[in-house]
Amino acid sequence: MSSRLVGVGVGPGDPELVTVKGVNALREADVVVVPVMDTMERGRAEATVLHYVPEEKVVRVVFALNERSDRGRREAAWDAAGDRVAELLRRHASVAFATIGDPNVYSTFTYLAQTIAELVPGIVVETVPGITAMQDLAARSGAVLTEGTEPLTLVPVTAGAAVLKDALAGPGTVVAYKFGRQAHEVAEALRETGRLADAVWGSALGLPEESVRPAADLDEAPLPYLSTLIAPARREGGRGGKL
């Protein structure tokens, strides 16, 4: 039988937000891989997984999660991580990979699956969806993501503040990921497009250090890298106005 690599979304950090299917996938796998940076500190995915499986079942694999400037170093780290997971798949029938959020939304798992497909012929790749940070922030802040015919635009601010500004100038709700290091530029983009008043940001959702605040509070200070922003659509016409 072919080995299975299962990408499991474990949500934004709150262990209660892992789906039943996700918990079952973690427990049914022979081993559970969690990504760590080269500093080896425990990340959100690992902390969440340890609520559901014993530590001896967890395999920590180093990924260049935040390496953007040195492509050679990043590629070498990806190759090493792929080799490590491929080795596990040759020894085990089922390997789960835990990723924060959803495995098909800006996830490390996407790149890993591409690498493994080349290293392990016949591998079966599956994913289990997870709750995303924008869903969690919407629930915690009361921000409505979409109504009626409104579009929803998701932007990683690592692509540049200009990309976010273009999205904010359009219709519908805009969600920004990974904007912590560019908080000032994000605040300016919200002001320039008239989207500051109703916007909200959050970080460390579901964790003791959680912060959920109006975007109007954004200032020069940097925020945690994984901060999330929701700028709701401009809504007029009362209830059901966008139907």
Side-chain angles (χ1 to χ4, degrees), residues 5-19 22-23 25-27 29-70 73-85 87-88 95-116 127-137 140 156-158 176-181 201-212 222-229:
L5 175 64
V6 185
V8 182
V10 296
D14 183 346
E16 293 185 347
L17 291 181
V18 184
T19 67
V23 171
L26 294 173
R27 289 176 173 168
D30 297 319
V31 294
V32 178
V33 172
V34 294
V36 296
M37 292 189 290
D38 53 12
T39 57
M40 299 307 289
E41 63 191 62
R42 179 170 290 173
R44 292 190 193 179
E46 181 178 4
T48 303
V49 165
L50 290 175
H51 279 80
Y52 297 105
V53 300
E55 189 168 3
E56 57 268 23
K57 187 176 177 175
V58 175
V59 176
R60 310 176 90 224
V61 175
V62 175
F63 284 79
L65 296 173
N66 293 329
E67 180 58 67
R68 301 186 187 281
S69 59
D70 188 335
R73 180 178 177 274
R74 183 176 67 241
E75 293 293 336
W78 278 112
D79 289 341
D83 288 341
R84 179 71 177 103
V85 176
E87 175 191 348
L88 292 170
V95 173
F97 180 90
T99 179
I100 59 171
D102 182 278
N104 294 304
V105 180
Y106 299 130
S107 170
T108 306
F109 181 74
T110 302
Y111 312 115
L112 176 65
Q114 292 171 355
T115 303
I116 294 300
T127 58
V128 177
I131 292 173
T132 61
M134 65 177 166
Q135 293 170 287
D136 195 12
L137 178 57
R140 294 177 188 277
V157 182
T158 49
Y177 275 1
K178 305 176 182 179
F179 79 91
R181 296 173 185 167
W201 70 269
S203 64
L205 301 174
L207 303 177
E209 62 271 28
E210 174 186 297
S211 181
V212 176
L223 302 174
Y225 173 70
L226 291 177
S227 296
T228 298
L229 172 86

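Residues S203 and L223 are not in side-chain contact: their nearest non-hydrogen atoms beyond the backbone lie 4.5 Å or more apart. Inter-residue side-chain proximity for P35 and F97 is flagged as met; some heavy-atom pair is nearer than 4.5 Å.
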Assess whether side chain to side chain contact (heavy atoms under 4.5 Å, CB included) is satisfied between V18 and H51, documenting all intermediate values. CA-CA 10 Å; V18 184; H51 279 80; over 6 Å; no
Using side chain to side chain contact (heavy atoms under 4.5 Å, CB included), reason through R84 and V33 one step at a time and then give a plain yes or no. CA-CA 10 Å; R84 179 71 177 103; V33 172; over 6 Å; no
Step-by-step side chain to side chain contact (heavy atoms under 4.5 Å, CB included) determination, V53 to R27: CA-CA 6 Å; V53 300; R27 289 176 173 168; 4.1 Å; yes
Let's go through L17 and Q135 carefully: what are the C-alpha distance in whole Å and the side-chain angles of both, what is the deciding distance for side chain to side chain contact (heavy atoms under 4.5 Å, CB included) to 0.1 Å, and is it a yes or a no? CA-CA 11 Å; L17 291 181; Q135 293 170 287; over 6 Å; no
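Rounding to the nearest 0.5 Å places CG of D14 at 9.0 Å from CG of L205. Note: K178 NZ to T228 OG1 = 10.0 Å, rounded to the nearest 0.5 Å. Note that OG of S211 and CZ of R140 are 12.0 Å apart. Values are rounded to the nearest 0.5 Å. Distance CZ/R44 to CG/L226: 5.0 Å, rounded to 0.5 Å.
Considering all non-hydrogen atoms of both residues, V85 and L112 come closest at CG2-CD1, 4.0 Å. Closest approach of E209 to A204, counting heavy atoms only: CG-CB, 3.5 Å. Nearest heavy atoms, A98 versus A45: O-CB, 3.8 Å. The two residues T48 and G13 come nearest to each other via the heavy atoms OG1-O, 3.6 Å. Listed here is the closest heavy atom pair of A81 and V62: CB-O, 3.6 Å. Between F63 and T108 the shortest heavy-atom distance is CD2-CG2, 3.7 Å.
Looking at E210, its side chain does come within 3.5 Å of a backbone N or O of G206 through a donor-acceptor pair. Judged by distance alone, with hydrogens and angles left aside, the side-chain atoms of Y177 form no donor-acceptor pair with the main-chain N or O of T158 at under 3.5 Å. Not one N or O on the side chain of Y52 forms a donor-acceptor pair closer than 3.5 Å with the backbone of G22. Panel note: side chain T110, backbone Y106; no donor-acceptor pair is recorded below 3.5 Å.
Not counting sequence neighbours, the partners of N104 by the side chain to side chain donor-acceptor pair (under 3.5 Å) test are T127.
Under the 30°/60° scheme for interplanar angles, the aromatic rings of F179 and W201 are found to stand perpendicular.
Atom CD of E55 has 12 or fewer heavy atoms from other residues, nucleotides or ligands within 6.0 Å.
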